[in-house]
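To find a chain, count down the sequence lines: A is the first, B the second, and so on, and within it residues start at 1.
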Number of protein chains: 2
Amino acid sequence: MGDDHSTARPLRADARRNRERVLQIAQEALASDGLTISFDEIARRAGFGVGTVYRHFPTREALFEAVLLGRMERFVADARALATAEDPGRAFFGWFRTVVEQASVNQALCEMLEGGTVPAFRRGTTLEADFAAALGRLLQRAQRAGAVRGDLRTEDVQDLLRGCLTAERRARARGGKVAMAEVVCDGMRSHPR
Amino acid sequence: MGDDHSTARPLRADARRNRERVLQIAQEALASDGLTISFDEIARRAGFGVGTVYRHFPTREALFEAVLLGRMERFVADARALATAEDPGRAFFGWFRTVVEQASVNQALCEMLEGGTVPAFRRGTTLEADFAAALGRLLQRAQRAGAVRGDLRTEDVQDLLRGCLTAERRARARGGKVAMAEVVCDGMRSHPR
DNA sequence: GTAGAATCGGAGAGATCCCTCCGGTTGCCG
DNA sequence: CGGCAACCGGAGGGATCTCTCCGATTCTAC
């Protein structure tokens with residue numbers, strides 16, 4: 001969705017190949033090195049001159065967004081798909097754990113979710129709003145079903161998610177297991193205590 | 001401990017004042033802006049030329065360490081002081097919560113604890129080893145007393161701490177309350193379930 | 001095969017950032 | 001109050017990063 005060069009002629013074959021390669025390399029670089037990686041470095045790893053990469057992506061941010069936004073949108077899509085699931089509690093916790101699991105292996109994705117460093121995923125952005133709304137809907141249904149504590153707000157869950165990402169990512173980096181997500185999910189449940 | 005200019009003559013009065021002011025400004029800048037702040041920017045905020053600041057601190061890292069290491073050492077000292085407390089569980093959880101509470105208001109302190117970006121607090125450093133050792137001792141005592149799950153290792157607790165820092169810091173930034181530390185502490189307790 | 005358009009490559013402008021160097025200024029001691 | 005050691009200030013070197021520009025190269029349509 002959103003092929004914004006629909007009126008333009010299709011890319012030349014070699015340009016298309018190169019564009020694909022840049023995306024591939026950028027994806028790997030971002031996953032392993034995070035958002036601090038330089039544009040020049042990505043061009044170098046891909047084996048292109050910087051001019052070539054800039055031809056395809058007008059800005060450093062544009063390249064990063066082309067790589068990262070798709071993944072974010074998939075999280076949103078997952079949440080929406082689960083919004084009508086039978087078991088709201090199961091849907092909420094399952095989604096939460098999936099996001100932590102999938103994002104924690106990707107350095108740049110974690111940083112994007114944690115801080116406000118990517119312009120396209122900031123407070124007030126459409127994507128950020130969609131993410132929050134989708135999360136909020138899952139949360140609300142789970143709360144109505146009595147599976148999640150009623151005093152939790154959407155922002156609270158977002159912050160808990162960020163915390164889980166930090167913990168799981170570090171644990172993964174040293175080859176250990178922390179299961180921060182499990183502990184936090186337990187904490188979010190309605191406790192009968 | 002470690003006043004390495006004991007043989008040198010004392011600083012001139014104006015130099016001493018300026019040094020103090022630099023530390024003060026750097027402390028504020030690091031707390032609010034984190035480790036990415038530039039040396040030039042700190043000099044500018046303090047109202048000095050960069051040469052003046054470099055006279056007192058030979059390197060950017062040296063300045064940062066002068067500001068941050070004291071706080072870290074206090075956490076270690078706190079842990080050591082609690083190592084002989086009556087109630088090991090109470091000591092462990094109290095220390096954990098204190099660290100989260102005090103560090104989460106300081107951007108640079110969080111980043112230092114989370115990543116390995118400050119040379120003086122890396123794997124293999126004395127300070128990092130002291131921190132881990134002090135934490136480990138608190139943990140072990142709490143586990144022997146049956147207050148904390150036995151399968152938790154020191155590194156696990158460190159990662160959980162990092163996660164709490166991320167969550168609490170973000171919550172604090174938006175004026176909300178998350179109590180991530182509470183949830184995680186609950187999760188670390190031996191559950192009778 | 002060839003003309004012409006699309007694409008590539010990388011030098012370099014402009015902005016920072018860390019740090020050095022040294023002339024001008026200031027505080028301290030007798 | 002005079003002399004000098006200590007200190008201040010900021011210009012600028014060297015490195016790195018984002019992004020631009022245009023000659024050289026490559027692809028494609030005929």
Distance flag, aromatic centroids of Phe39(A) and Tyr54(A), threshold under 6.0 Å: yes
What nucleic acid atoms does Arg60(B) come within less than 4.0 Å of, heavy atoms only: base, sugar-phosphate, or nothing? sugar-phosphate
Given that Val50(B) and Gly49(A) both sit by DNA chain C, which one's nearest nucleotide is further toward the 5' end? Gly49(A)
Looking at dC7(D), I'd like to know if its phosphate oxygens (OP1 or OP2) sit under 4.0 Å from a side-chain N or O belonging to His56(B). no
Spacing between Phe48(B) atom CZ and dT26(C) atom C1', to the nearest angstrom: 14 Å
What's Tyr54(B) touching, base or sugar-phosphate or nothing? Going by heavy atoms closer than 4.0 Å. base
Is any side-chain nitrogen or oxygen of Thr52(A) closer than 4.0 Å to OP1 or OP2 of dG9(C)? yes
Using a cut-off of strictly less than 4.0 Å, decide whether Asn18(A) has a side-chain nitrogen or oxygen near OP1 or OP2 of dC8(C). yes
Candidate nucleotides dG9(C), dT18(D), dT7(C), ranked by approach to the side chain of Ser38(A) - the nearest: dT18(D)
So, the side chain of Thr166(B) versus the backbone of Arg162(A): is there a donor-acceptor pair under 3.5 Å, distance only? no
Of the listed nucleotides dT7(C), dC7(D), dA11(D), the one nearest the side chain of Ala15(B): dC7(D)
NA contact type, Arg12(B), heavy-atom cut-off 4.0 Å: base, sugar-phosphate, or nothing? base
Is a side-chain N or O of Arg122(B) found less than 3.5 angstrom from the main chain of Thr117(B), in a donor-acceptor match? no
May I ask you to establish whether Arg189(B) and Phe93(B) are in a cation-pi arrangement, using a distance under 6.0 Å from NZ or CZ to the six-membered ring centre and at most 45° from the ring axis? yes
For dT18(D), take OP1 and OP2 only and decide whether either is under 4.0 Å from a side-chain N or O of Thr59(A). no
Which is true for Asp14(A) with a 4.0 Å heavy-atom rule: it touches a base, it touches only sugar-phosphate, or it touches nothing? sugar-phosphate
